[in-house]
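Please read all numbers here as calculations on a predicted model, not as lab measurements. Chain identifiers are assigned alphabetically (A, B, ...) following the order of the sequence lines, protein sequences preceding nucleic acid strands; residue numbering begins at 1 within each chain.
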There are 2 protein chains.
Amino acid sequence: MSDDRRTPTIHDVARAAGVSIGTVSKALNGTGSLSQATRDRVMTTIRALNFRPNLLAKSLHTGLSGSVGLISNDSFGRFTMPIMEGLERVLSEDGIGVFMANATDDPDRERAHLDQLLAKQIDGLVVTSRRADRRPSIEIQGLPIPVIYVFSQGGEDALTFLPDDEGGARLATEHLIAQGRRRIAHITGPDNFEAVRLREIGWRAALSAAGLQPQALLHGPWSEAWGREAMARLLQDPPDAIFCGNDQIARGVADTLREAGLRCPEDVALVGFDNWDVMVSACRPALTSVDMNLTALGAEAGRQLSAMIKGARITGTHRLPCTLIHREST
Amino acid sequence: MSDDRRTPTIHDVARAAGVSIGTVSKALNGTGSLSQATRDRVMTTIRALNFRPNLLAKSLHTGLSGSVGLISNDSFGRFTMPIMEGLERVLSEDGIGVFMANATDDPDRERAHLDQLLAKQIDGLVVTSRRADRRPSIEIQGLPIPVIYVFSQGGEDALTFLPDDEGGARLATEHLIAQGRRRIAHITGPDNFEAVRLREIGWRAALSAAGLQPQALLHGPWSEAWGREAMARLLQDPPDAIFCGNDQIARGVADTLREAGLRCPEDVALVGFDNWDVMVSACRPALTSVDMNLTALGAEAGRQLSAMIKGARITGTHRLPCTLIHREST
DNA sequence: GAGCGCTAGGAAAACGTTTTCCCAAGCCAA
DNA sequence: TTGGCTTGGGAAAACGTTTTCCTAGCGCTC
């Protein structure tokens with residue numbers, strides 16, 4: 001009769017424990033005034049029936065669903081993953097679930113996803129994107145829920161979390177200077193990336209703080225092939241150190257160095273950016289690189305989103321520090 | 001009065017349109033019997049108020065939440081991403097949201113996640129894991145909802161989707177044979193991976209079907225360093241082709257070949273596994289590789305899960321075909 | 001002109017919770 | 001003994017939908 005295949009509801013518990021559903025609810029949430037005996041009896045029954053309260057019903061009148069959406073424009077790419085990981089870890093501690101949605105820069109898909117998420121009554125939204133450039137951020141304005149931009153540019157009065165590209169570049173360059181290098185080149189990605197421009201600024205800042213002149217600056221695609229080609233161009237008058245815009249470029253540089261008979265780090269020291277495990281460890285020699293701490297970035301975004309859901313009002317663009325990971329290439 | 005900041009409910013629409021909430025519901029869902037005039041009037045009001053029905057309330061008595069969970073043990077690693085992408089694309093077409101949960105092989109975290117997901121009334125569950133070996137699959141047995149294992153081993157009467165590792169290996173080996181190669185070695189990963197064992201079987205099967213003897217078989221870690229080392233061991237009597245257990249190993253092999261003065265593909269042809277873009281394109285020469293079609297795998301899992309939610313009962317282990325991507329290394 | 005069958009749309013129950021309000025019983029003091 | 005206060009717990013409304021059932025009115029047919 002009561003042990004059929006239906007998952008038990010609060011009514012089943014109430015009947016089995018001989019109390020009203022209100023009493024079960026109070027026992028469950030530790031609210032109201034109940035005698036310890038009643039509380040215990042109800043809790044025992046709850047465990048016996050393996051009762052699990054239906055969160056949807058609860059949401060219905062708390063107005064909070066306990067879930068948020070994550071819209072990625074990156075097809076869950078390499079950068080989105082660690083962010084997701086940090087975000088999910090933090091939010092799950094607060095019992096908040098994360099819906100993932102992949103929009104891939106298609107406004108229609110984005111709109112459809114947003115509709116579905118809002119219908120599901122998400123309490124907040126996280127927007128991530130590839131880093132190319134400024135994001136138009138369609139109709140995410142004026143949403144009735146808090147929105148956080150991570151690894152992507154939000155609007156003015158939005159809350160945005162980004163890695164401190166400039167600081168990371170400064171870190172890398174200062175490290176090279178501290179190792180006695182004086183002629184430091186920068187081989188990097190396409191300059192329509194804001195990150196590329198910021199890293200260049202950081203490189204220049206560290207150099208000029210040390211009274212050094214910038215050596216070569218080369219822009220190209222984000223690939224190993226470009227790293228190889230760029231280094232080849234520098235071979236006639238090689239610098240004594242190179243700071244690269246990402247790890248793939250750095251690895252290409254390392255390959256050309258080795259094949260040209262130059263030793264790394266003895267002749268030319270090398271620093272990458274991203275600290276992408278598979279690149280830095282396969283590189284010969286193992287690559288010193290700047291870590292953007294994306295997992296921490298995601299975690300911080302999760303904390304702030306959680307706070308905003310609880311009522312906090314936070315805005316502004318926050319840049320979180322990068323870390324230099326020292327390996328054999330310097 | 002009615003235009004305050006509260007998001008509009010079906011009651012607001014009913015009042016504005018001068019009908020009852022039941023009528024609004026019928027207009028919204030195209031059910032019941034209503035005159036076209038009433039239907040139109042209600043729909044107009046709905047758009048005017050920008051009303052969006054609360055799916056939670058709906059779920060409450062359809063018993064379906066329109067969301068599923070994805071438990072990954074891979075920290076959203078390289079293999080999980082394309083699966084997620086395919087899964088999410090298919091399910092979102094059915095209006096089903098995907099909660100992501102990262103368990104990282106920690107049973108406590110897995111249990112906590114499962115509790116939260118069940119409390120949120122998910123309609124189904126997808127379990128993904130790193131491919132190491134057989135998954136104990138804690139207490140996912142006997143859940144009241146359909147469960148699908150993707151890229152991980154489910155139990156007997158579960159539904160499991162895996163790539164056809166053996167077929168992929170056969171594809172690669174047959175390709176090498178078709179190019180006239182006769183002495184085909186296999187350098188691969190640790191043999192406690194089921195995938196490693198299956199790929200070896202496929203390699204042997206293709207060889208023996210062509211009347212060829214297996215050349216060297218070497219097991220090691222999944223790294224470029226291992227690829228370099230393994231190839232070095234083969235240098236005294238090099239094979240004329242090598243099928244590698246993944247792209248990283250293949251890339252290491254390619255590096256050693258080049259540095260030893262052997263030409264690829266002229267002297268030694270090379271095939272990888274995974275078709276990982278960043279590896280196959282950075283490899284010199286660009287690497288022929290076996291693609292596991294993980295996005296398609298995820299999509300198929302999504303379709304089947306959707307069907308199971310609608311009542312279908314499907315079990316068994318399904319292996320989806322791999323594809324060979326031909327590039328310069330063969 | 002009376003009865004019948006349709007049709008359009010309303011009323012209300014149901015889904016599973018939380019929470020507010022209220023009442024009964026018990027206790028103590030006067 | 002009576003009155004008041006406290007305490008434990010129940011009843012019911014509320015959250016926003018869907019769906020079942022019912023009724024009022026209309027147009028037919030005989």
Side-chain angles (χ1 to χ4, degrees), chain A residues 2 4 6-43 45-46 49-67 95 116 118-123 144, chain B residues 2 4 6-43 45-46 49-67 95 116 118-123 144:
Chain A
S2 120
D4 52 355
R6 219 170 29 78
T7 68
T9 75
I10 201 173
H11 287 95
D12 300 318
V13 176
R15 203 172 318 118
V19 296
S20 75
I21 61 166
T23 303
V24 176
S25 174
K26 287 165 193 161
L28 200 53
N29 301 300
T31 58
S33 87
L34 299 181
S35 72
Q36 193 57 42
T38 308
R39 237 176 250 286
D40 292 345
R41 182 158 42 96
V42 172
M43 292 311 280
T45 313
I46 284 175
L49 295 187
N50 196 20
F51 165 71
R52 198 192 316 270
N54 181 335
L55 228 51
L56 298 183
K58 175 172 185 171
S59 301
L60 198 51
H61 84 356
T62 60
L64 287 178
S65 65
S67 58
Q116 283 190 14
L118 290 175
K120 294 210 167 79
Q121 309 295 113
I122 53 167
D123 302 330
Chain B
S2 120
D4 52 355
R6 217 169 31 78
T7 67
T9 75
I10 200 172
H11 288 95
D12 300 318
V13 176
R15 201 172 318 119
V19 295
S20 74
I21 61 165
T23 302
V24 176
S25 175
K26 288 165 193 161
L28 201 52
N29 301 298
T31 59
S33 87
L34 299 180
S35 73
Q36 193 55 44
T38 307
R39 236 176 251 286
D40 291 347
R41 181 158 42 95
V42 171
M43 292 311 281
T45 313
I46 283 175
L49 295 188
N50 197 20
F51 165 71
R52 197 191 318 268
N54 181 335
L55 229 51
L56 264 44
K58 176 171 184 173
S59 301
L60 198 51
H61 83 354
T62 61
L64 287 179
S65 65
S67 57
Q116 283 191 14
L118 290 175
K120 294 210 168 79
Q121 309 295 111
I122 52 167
D123 302 330

K.L.:
Would a distance-only check, ignoring hydrogens and angles, find a side-chain to backbone donor-acceptor pair under 3.5 Å from A/D40 to A/A37?
P.N.:
no

K.L.:
What does A/T38 touch in the nucleic acid at a heavy-atom separation under 4.0 angstrom: a base, only the sugar-phosphate, or nothing?
P.N.:
sugar-phosphate

K.L.:
Specify the separation, in whole Å, of atom CZ of A/R39 and atom P of D/dG8.
P.N.:
9 Å

K.L.:
Just call it for A/T9: base, sugar-phosphate, or nothing, with non-hydrogen atoms closer than 4.0 Å on any strand.
P.N.:
sugar-phosphate

K.L.:
Counting only N and O atoms by type, is there a donor-acceptor contact under 3.5 Å from the side chain of B/T45 to the main-chain atoms of B/R41?
P.N.:
yes

K.L.:
How would you label the contact of A/L56 with the nucleic acid (heavy atoms, under 4.0 Å): base, sugar-phosphate, or nothing?
P.N.:
nothing

K.L.:
If you only use heavy atoms from C-beta on, which nucleotide in C/dA8, C/dG10, C/dG16 is closest to the side chain of B/S33?
P.N.:
C/dA8

K.L.:
CG of B/D123 to CG of B/L64: how many Å apart, nearest 0.5 Å?
P.N.:
4.5 Å

K.L.:
D/dT17 P sits how many Å from B/D12 CG, rounded?
P.N.:
9 Å

K.L.:
List the steps, then state whether side-chain contact (heavy atoms from CB on, under 4.5 Å) holds for A/N54 with B/Q121.
P.N.:
CA-CA 7 Å; A/N54 181 335; B/Q121 309 295 111; 3.3 Å; yes

K.L.:
Of the listed nucleotides (D/dG16, C/dG16, C/dC15), which one gets closest to any side-chain atom of B/H61?
P.N.:
C/dC15

K.L.:
Could you give the NZ-to-P distance, from A/K26 to D/dA11, as a whole number of Å?
P.N.:
11 Å

K.L.:
For B/L60 and for A/G22, find the nucleotide of DNA chain C with the closest heavy atom, then tell me which residue's nucleotide is more 5'.
P.N.:
B/L60

K.L.:
CG of B/L34 versus C1' of C/dC6: gap in Å, rounded?
P.N.:
15 Å

K.L.:
Give one of base, sugar-phosphate or nothing for B/S25, where a contact means two heavy atoms less than 4.0 Å apart.
P.N.:
base

K.L.:
Does a nitrogen or oxygen in the side chain of B/N54 sit under 4.0 Å from OP1 or OP2 of D/dC15?
P.N.:
no

K.L.:
Tell me: NE2 of A/H11 to P of C/dT18, nearest whole Å?
P.N.:
11 Å

K.L.:
Ignoring hydrogens and angles, tell me if any N or O in the side chain of A/S59 forms a donor-acceptor pair with the backbone of A/L55 under 3.5 Å.
P.N.:
yes

K.L.:
If the cut-off is 4.0 Å, is A/S35 near the phosphate of D/dG9, judged by side-chain N/O to OP1 or OP2?
P.N.:
yes

K.L.:
Just how far, in rounded Å, is P of D/dG16 from CG of B/L49?
P.N.:
14 Å

K.L.:
Side-chain N or O of B/T23 less than 4.0 angstrom from OP1 or OP2 on C/dG10?
P.N.:
yes

K.L.:
Rounding to a whole Å, what distance do you find between A/K58:NZ and C/dC15:C1'?
P.N.:
18 Å

K.L.:
Rounded to the nearest angstrom, tell me the gap between atom CD1 in B/I46 and atom C1' in D/dT17.
P.N.:
13 Å

K.L.:
Under 4.0 Å between any heavy atoms, over every strand shown, what does A/S59 touch: base, sugar-phosphate, or nothing? Just pick one.
P.N.:
nothing

K.L.:
Counting N and O atoms only, with roles assigned by atom type, does the side chain of B/K120 sit under 3.5 Å from a partner on the main chain of B/S65, one being a donor and the other an acceptor?
P.N.:
no

K.L.:
Please classify the nucleic acid contact of B/I21 as base, sugar-phosphate, or nothing, using heavy-atom distances under 4.0 Å.
P.N.:
base

K.L.:
To the side chain of A/V19, which of C/dA14, D/dG10, D/dG16 is closest?
P.N.:
D/dG10

